[in-house]
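What follows is a set of notes on a single structure, which appears directly below.
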Amino acid sequence: PYLVPVVILIVGPATWVEKFPEARGTRQSPVDIVTSRASSGGSAPPLVWRYSVNHPRSVVNPGYCWRVDENGYDSELRGGPLGSDVYKLQQWHCHWGSVNGEGSEHTVDGRAFSGELHLVHWNTSKYNSFTEAAGQPDGLAVLGVLLMVGSKHDELDKVVRLLPYIQHKGDKVTFSEPLNPANLLPKRIAYWTYPGSLTTPPCTESVTWILFKEPVQVSAEQVRLNLCYYVNGKNV
Ligand SMILES: NS(=O)(=O)c1c(F)c(F)c(-n2cc(CC3CCCCC3)nn2)c(F)c1F
Ligand SMILES: [Zn+2]
């Protein structure tokens, strides 16, 4: 029989460890949340947050979906597992599915959701910049919101409706409509928390993950809009 050339193209997470040694670490994210193994919350203080609402924001296509940068606008996240440090919102972004809409990064008892929103905060009590904080074990805190298909999400729609204008990597569109990132969070704020990492290169182990238990509903149309622009954004 003739020899069949076998080319194994290794892309994606399996290759990240070559360029980013952190990816070989001991606290890598995302993880599967095994609810039976999660210890019930001790006596942690409540998690509190405050975001500024009335400032122009821009949505950018970084090539792996969309991201909204907060450009230093005033905000605060404190309490819960964050000790006495105060964190500030740097950016928020999303992860959506490829095809079957099972696009969340974290899974819960092996179950994936249609998408996942991340609000990335950095420790302003201890560090002078996001970049510096991003290299420290207690530098970042990310609020994770699981997304499931249901009713339309009006606050998120302020971003989703702009996706047709940022189809290519590097595209950016600005909007001045007031938006409160707190409205992206679920009503009930019970959460799982664990020490983890950035889920994308450089996979630095600097993230205290705070993943809300209650998923937030988005419409099928909002998922579709994300899927096609996510795919286009990624294709570029
Ligand atoms: N999914 S996640 O874990 O919530 C998540 C994040 F938390 C991030 F902070 C980033 N991130 C990466 C950089 C470049 C920095 C460039 C300077 C060094 C640190 C990384 N900016 N933001 C990110 F890409 C991401 F996917
Ligand atoms: Zn993310």
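Order of listing sets the numbers, starting from 1, for every ligand and every atom in it.
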Look at atom 10 (C) of ligand 1 and say which protein heavy atom is nearest, naming residue and atom and giving the distance to 0.1 Å. Gln91 NE2, 3.8 Å
Atoms of ligand 1 under 4.0 Å from any heavy atom of Trp209, numbered from 1 in the order shown, are 3 (O), 4 (O)
Quickly, which of Trp96, Trp66, Trp209 forms a ring-ring contact (aromatic ring centres under 6.0 Å, His included) with His118? Name it, please. Trp209
Just do the salt bridge (Lys or Arg N to Asp or Glu O under 4.0 Å) check on Arg57 and Glu70 with the steps written out, would you? CA-CA 7 Å; Arg57 287 180 163 94; Glu70 284 296 305; 2.6 Å; yes
Of all the heavy atoms in Arg67, does at least one lie under 4.0 Å from an atom in ligand 1? no
Minimum-distance atom from the Zn ion (ligand 2) among N, O or S atoms of His95: NE2
For ligand 1, which atoms, with element, lie under 4.0 Å from some heavy atom of Leu198? 3 (O), 6 (C), 7 (F), 8 (C), 9 (F)
Among His93, Gln90, His118, which residue places a heavy atom closest to atom 5 (C) of ligand 1? His93
Ranked by distance from atom 21 (N) of ligand 1, the top protein heavy atom is Phe130 CE2, 3.7 Å
Using 2.8 Å as a strict upper limit, say whether an N, O or S atom of Cys94 approaches the Zn ion (ligand 2) that closely. no
Take atom 16 (C) of ligand 1 and look for protein heavy atoms under 4.0 Å from it; say yes if you find one, no if not. no
Compute the minimum heavy-atom distance from Thr204 to ligand 1 and say whether it is under 4.0 Å. no
Using the benzene-type ring in the case of Trp, are the ring centres of His106 and Tyr194 under 6.0 Å apart? yes
His121 side chain to Leu119 backbone, donor-acceptor under 3.5 Å: yes
Scan Arg50, His55, Lys88 and name whichever one has a side chain to side chain donor-acceptor pair (under 3.5 Å) with Asp74. Arg50
In sequence, state the C-alpha distance, the side-chain angles, and the governing distance for Val159 and Trp92, and then conclude on side-chain contact (heavy atoms from CB on, under 4.5 Å). CA-CA 11 Å; Val159 170; Trp92 38 288; 3.7 Å; yes
Pair Glu205 + Arg24: basic N to acidic O under 4.0 Å: no
Among Ala134, Gly196, Pro201, Ser197, which residue places a heavy atom closest to atom 19 (C) of ligand 1? Ala134
List every atom of ligand 1 that sits less than 4.0 Å from any heavy atom of Thr131, numbering the atoms from 1 in the order shown and giving each element. 17 (C)
Electrostatic pair Lys169-Asp171, nearest N-O below 4.0 angstrom: no
So which N/O/S atom does His118 have closest to the Zn ion (ligand 2)? ND1
Are any of the side-chain nitrogens in Asp85 or Lys126 under 4.0 Å away from the carboxylate oxygens of its partner? yes
Please determine, by modelled atom types, if Asp138 and Tyr127 share a side-chain donor-acceptor pair under 3.5 angstrom. yes
Quick look: Thr199 vs ligand 1, heavy-atom contacts under 4.0 Å, and the answer is both
Can you tell me which portion of Val142 lies within the under-4.0 Å heavy-atom range of ligand 1? Options are side chain, backbone, both, or neither. side chain
Per-atom contacts of ligand 1 with Thr200, taking only distances under 4.0 Å to non-hydrogen atoms: 23 (C), 24 (F), 25 (C), 26 (F)
I'd like to know whether ligand 1 has Val120 as a neighbour, heavy-atom separation below 4.0 Å. yes
The atoms of ligand 1 lying under 4.0 Å from a heavy atom of His95, numbered in the order shown, are 1 (N)
For Ser206 and Gln136, test the side chains for any donor-to-acceptor distance below 3.5 angstrom and give the result as yes or no. no
